[in-house]
Amino acid sequence: MDPMTQSAQISSSQGFADGQNSAAKESKMSDSFLSSSPVSLIQSPQVNDLIHWRDPKKSGVVFGLSMLLLLSLAAFSVISVVSYLLLALLCVTITFRIYKSVVQAVQKSSDGHPFKSLIDKDVSIPPETFRKHVDASLTYINRALKQMSRLFLVEDLVDSLKLAVVMWLFTYVGAVFNGITILILANILLFAVPPIYEKNKTQIDQYIDLARTQVNTTMAK
């Protein structure tokens with residue numbers, strides 16, 4: 001085999017290997033993005049059990065706290081809500097610390113700091129975990145930027161017109177609701193719809209099929 005042919009084959013093999021490595025990297029990034037996306041989060045077993053009220057006490061606590069937080073944000077500023085939350089947490093920890101100190105002084109015990117196990121716990125974020133989430137976020141940001149560029153620079157006229165119609169409809173939504181109100185409604189629906197659908201799945205699926213058939217018929221006409 002002559003040197004030129006051998007060199008061409010080596011270059012071709014290297015190019016193929018680089019292409020496979022690039023594809024594998026993109027696939028890994030995509031899997032990382034999907035695993036950290038909100039849809040994947042909602043489909044996780046823990047969240048699924050919460051919104052389906054498998055454990056009513058736990059679901060009730062999460063729903064109540066989330067509603068309390070959203071209602072607080074609706075009534076007060078974000079700075080006030082965060083300040084009150086941190087102040088309440090400090091009041092609880094300081095009170096407990098003083099209480100345990102008094103008990104130890106009365107009982108003459110040497111149990112030490114009541115939060116020693118939590119203080120000694122490592123709360124630092126591993127570099128691998130940080131890089132993983134940064135890579136996933138970067139993939140999401142790049143996709144969003146590419147999509148925005150495609151829509152706002154009118155690469156596809158139909159898609160840009162669809163976006164304009166959606167934004168026009170959102171102006172009416174914004175006139176009626178603000179962001180916090182929409183989040184409150186979304187939180188209520190998130191905890192109310194899954195159990196209702198689970199109990200009446202057959203009837204709801206029938207109505208959805210009828211509605212889909214009607215929409216398809218109308219679109220065809």
Side-chain angles (χ1 to χ4, degrees), residues 32-104 111-126 129-130 132-134 136-141 144 166-167 169-201 203-204 207-208:
S32 177
F33 163 72
L34 290 173
S35 64
S36 61
S37 63
V39 175
S40 176
L41 180 62
I42 293 176
Q43 290 176 347
S44 66
Q46 295 83 359
V47 177
N48 198 36
D49 290 343
L50 277 177
I51 62 178
H52 283 87
W53 296 79
R54 306 286 188 227
D55 186 348
K57 290 183 179 179
K58 187 182 293 185
S59 297
V61 169
V62 173
F63 176 68
L65 290 177
S66 60
M67 284 298 298
L68 179 62
L69 177 62
L70 291 173
L71 290 172
S72 300
L73 290 173
F76 306 101
S77 67
V78 176
I79 296 176
S80 297
V81 172
V82 172
S83 300
Y84 279 123
L85 287 175
L86 295 178
L87 181 61
L89 179 61
L90 274 173
C91 288
V92 171
T93 54
I94 292 172
T95 303
F96 185 74
R97 174 77 169 86
I98 295 173
Y99 168 74
K100 293 297 289 186
S101 298
V102 172
V103 170
Q104 290 175 17
D111 294 337
H113 200 289
F115 299 119
K116 181 171 176 52
S117 60
L118 296 176
I119 292 173
D120 294 338
K121 199 170 188 180
D122 185 14
V123 295
S124 60
I125 301 174
T129 303
F130 180 77
K132 176 185 174 183
H133 289 290
V134 168
S137 302
L138 186 61
T139 304
Y140 174 76
I141 292 170
V166 171
M167 293 298 102
L169 292 175
F170 269 118
T171 60
Y172 289 95
V173 174
V176 179
F177 306 105
N178 57 24
I180 293 297
T181 305
I182 294 175
L183 287 176
I184 291 172
L185 293 175
N187 189 57
I188 294 172
L189 291 175
L190 181 64
F191 281 89
V193 171
I196 294 174
Y197 175 74
E198 193 174 37
K199 291 179 181 178
N200 305 281
K201 187 176 186 301
Q203 297 90 331
I204 293 175
Y207 288 122
I208 291 175

Q | Approximate separation, where rounding is to 0.5 Å, of Thr93 OG1 and Ile98 CD1 | A | 9.5 Å
(Q) On a heavy-atom basis, which atom in Gly60 and which in Trp53 lie closest, and how many Å separate them? (A) N-CZ3, 3.5 Å
Q: Begin with the C-alpha distance, continue with both residues' side-chain angles, and end with the deciding distance and a verdict on side-chain contact (heavy atoms from CB on, under 4.5 Å) for Ile182 and Val173.
A: CA-CA 9 Å; Ile182 294 175; Val173 174; 4.0 Å; yes
Q.
Using 0.5 Å steps for rounding, measure from the OG1 atom of Thr171 to the CG atom of Leu169.
A. 7.0 Å
**Q.** Exercise: identify the closest heavy-atom pair between Phe63 and Ser66
**A.** O-OG, 2.8 Å
Q. When you look at CZ of Phe130, are more than 12 heavy atoms from neighbouring residues, nucleotides or ligands closer to it than 6.0 Å?
A. no
Q. Between atom CD1 of Ile208 and atom NZ of Lys201, what is the distance when rounded to the nearest 0.5 Å?
A. 9.0 Å
Q. Of the non-hydrogen atoms in Ile51 and Leu190, which two are nearest, and what is the gap between them?
A. CB-O, 3.6 Å
Q. Where do Leu70 and Ile180 come nearest, in terms of heavy atoms and distance?
A. O-CG2, 3.5 Å
**Q.** Shortest non-hydrogen contact between Pro194 and Leu189, atoms and distance
**A.** CD-O, 3.6 Å
Q | No-hydrogen, no-angle side-chain donor-acceptor test under 3.5 Å, Arg97 and Ser101 | A | yes
Side chains of residues 81-90: which donor-acceptor partners sit under 3.5 Å, not counting sequence neighbours?
unit_1	atom_1	unit_2	atom_2	d
Ser83	OG	Ile79	O	2.7

Q: Apply salt bridge (Lys or Arg N to Asp or Glu O under 4.0 Å) to Asp55 and list each qualifying residue two or more places apart in sequence or on a separate chain.
A: none
Q.
Within this structure, what is the OG-CE distance for the pair Ser72 and Met67, rounded to the nearest 0.5 Å?
A. 10.0 Å
Q) Can you tell me how far CD1 of Ile125 sits from NE2 of His133, rounded to the nearest 0.5 angstrom? A) 8.5 Å
Q: Could you pull out the closest heavy-atom pair between Phe191 and Val62, with the gap in Å?
A: CZ-CG1, 3.9 Å
